[in-house]
Amino acid sequence: MTDQTIPKVPTLPDAQTVTYVKHWTDKLFSFRVSRPASLRFRSGEFVMIGLMGDNGRPLLRAYSIASPSWDEELEFYSIKVQDGPLTSRLQHLKVGDELILRPKPVGTLVHDAILPGKRLWFFATGTGFAPFASLLRDPQTFEDYDEVIITHTCREVGELAYGANLIASIREDEMLQELIGTENLAKLRYYPTTTREESPTMGRITDLLRSGQVFADLGIEPIEPGADRAMVCGNLAFNVEIKEILEGFGLREGANSDPKEYVVEKAFVD
Ligand code: A2P
């Protein structure tokens, strides 16, 4: 046996191997790692991942799993913060590197935490798209709802690329296509908006909800508690604001132990 044929044995506790890295912008990247055989999770949940710190202790942060629960690997979508303790190092990950992953998934952005409904909204800003990248690839999302609407607000157009690419790949996926349909008014609606660079739809989704523009643009009725369910993942100020808006439409916040009409989780950043 030569060195090259000896399989790489993980040396860290809970170590997984990086299988894919893609840089979307100078501030955003996604990567995939091997999945521990014992790891079961619900689409939309998060786990702690990280690297070994200089002090010999693991440096871990919460990351939403962006891949669906059926996937053989695990995908993550991350910001790069130049002076962030973890992401300043994580952004240099290469295929074959090791990543620490604690296999204890948790989270509230799960189907179990909301009551059955007709229309499901995913509201994301920035890297808050990640849990929805998981849920959008889970057939249950389209089996349980007549319509699924994902909104994604970012500062610049380039920051929409990961999400836009994922939506395109879902529309091309044969199995999901059967569930979603291929007609013009198919089940999956994608509503990207930008706030600091020109794009077809400009503005914060919060403002577009308040003005009613999002409903007009999509040609749909406003949100109401009988039919609409929502999951929210973004920065803190966004989460606070959209909660108020959803409550204004009559939706109540749910939890795993007490499902209601909407759930919220903050996007995890360094
Ligand atoms: P804006 O450019 O107007 O601040 P960030 O990169 O800071 O996490 O923001 C991601 C996106 O979320 C940006 O488009 C930003 O818009 C938007 N955003 C920030 N705060 C809020 C808020 N309170 N309500 C709605 N959108 C917000």
Side-chain angles (χ1 to χ4, degrees), residues 22-31 44 46 49 61-66 76-88 90-91 107-109 120-136 149-167 189-218 222-223 228-251 253 261-270:
K22 180 164 171 107
H23 293 268
W24 296 91
T25 70
D26 58 346
K27 294 197 194 77
L28 293 166
F29 71 116
S30 64
F31 54 95
F46 65 86
I49 63 170
R61 293 286 183 272
Y63 267 83
S64 289
I65 302 173
F76 298 96
Y77 180 48
S78 180
I79 196 164
K80 309 176 200 176
V81 181
Q82 291 321 324
D83 55 358
L86 181 61
T87 65
S88 61
L90 211 54
Q91 64 186 286
T108 55
L109 300 180
L120 178 60
W121 293 80
F122 293 143
F123 294 107
T125 64
T127 55
F129 193 90
F132 306 134
S134 173
L135 284 153
L136 283 166
I149 303 167
I150 167 108
T151 82
H152 192 198
T153 300
C154 292
R155 295 178 184 202
E156 293 166 14
V157 174
E159 296 169 291
L160 295 169
Y162 173 78
N165 196 68
L166 185 97
I167 298 291
R189 312 289 302 273
Y190 172 50
Y191 193 79
T193 84
T194 55
T195 50
R196 304 196 191 187
E197 189 185 358
E198 194 132 348
S199 74
T201 311
M202 301 252 343
R204 292 178 163 192
I205 191 66
T206 42
D207 294 334
L208 298 165
L209 281 166
R210 282 198 201 93
S211 69
Q213 192 186 320
V214 54
F215 309 122
D217 285 347
L218 294 171
I223 292 174
D228 288 284
R229 302 292 172 259
M231 296 194 188
V232 175
C233 190
N235 64 55
L236 207 55
F238 163 74
N239 287 2
V240 169
E241 239 183 280
I242 203 156
K243 271 172 73 149
E244 267 177 36
I245 294 172
L246 293 175
E247 299 269 342
F249 283 121
L251 275 58
E253 185 169 3
E261 289 88 22
Y262 79 92
V263 281
V264 178
E265 207 143 70
K266 81 174 163 54
F268 306 104
V269 289
D270 236 346

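The first residue of the sequence shown is numbered 1, and numbering continues consecutively from there. Note that ligands are numbered from 1 as they come in the structure, with each ligand's atoms numbered from 1 the same way. Everything numeric in this text was worked out from a predicted model, so none of it was measured.
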**Message:** Given a heavy-atom cut-off of 4.0 Å, could you list the residues near ligand 1 in chain and number order?
**Reply:** Thr125, Thr153, Cys154, Arg155, Thr195, Arg196, Arg204, Thr206, Asn235, Ala237, Phe238, Glu241
**Fill in**
side chain to side chain donor-acceptor pair (under 3.5 Å) pairs touching residues 235-245, sequence neighbours excluded, are Arg210-Glu241, Lys243-Glu253
**Prompt:** Which one of Thr153, Ile242, Ile245, Val264 satisfies the side chain to side chain contact (heavy atoms under 4.5 Å, CB included) criterion with Phe123?
**Reply:** Ile242
**Item:** With Phe31 via ring-ring contact (aromatic ring centres under 6.0 Å, His included) - residues at least two apart
**Value:** Phe29, Phe76
**Asked** So, the side chain of His152 versus the backbone of Gly126: is there a donor-acceptor pair under 3.5 Å, distance only?
**Response** yes
**Complete:** residues 156-165 vs side chain to side chain donor-acceptor pair (under 3.5 Å), sequence neighbours excluded, gives Glu75-Tyr162
**Item:** Interatomic distance, Lys80 atom NZ to Thr87 atom OG1 [nearest 0.5 angstrom]
**Value:** 10.0 Å
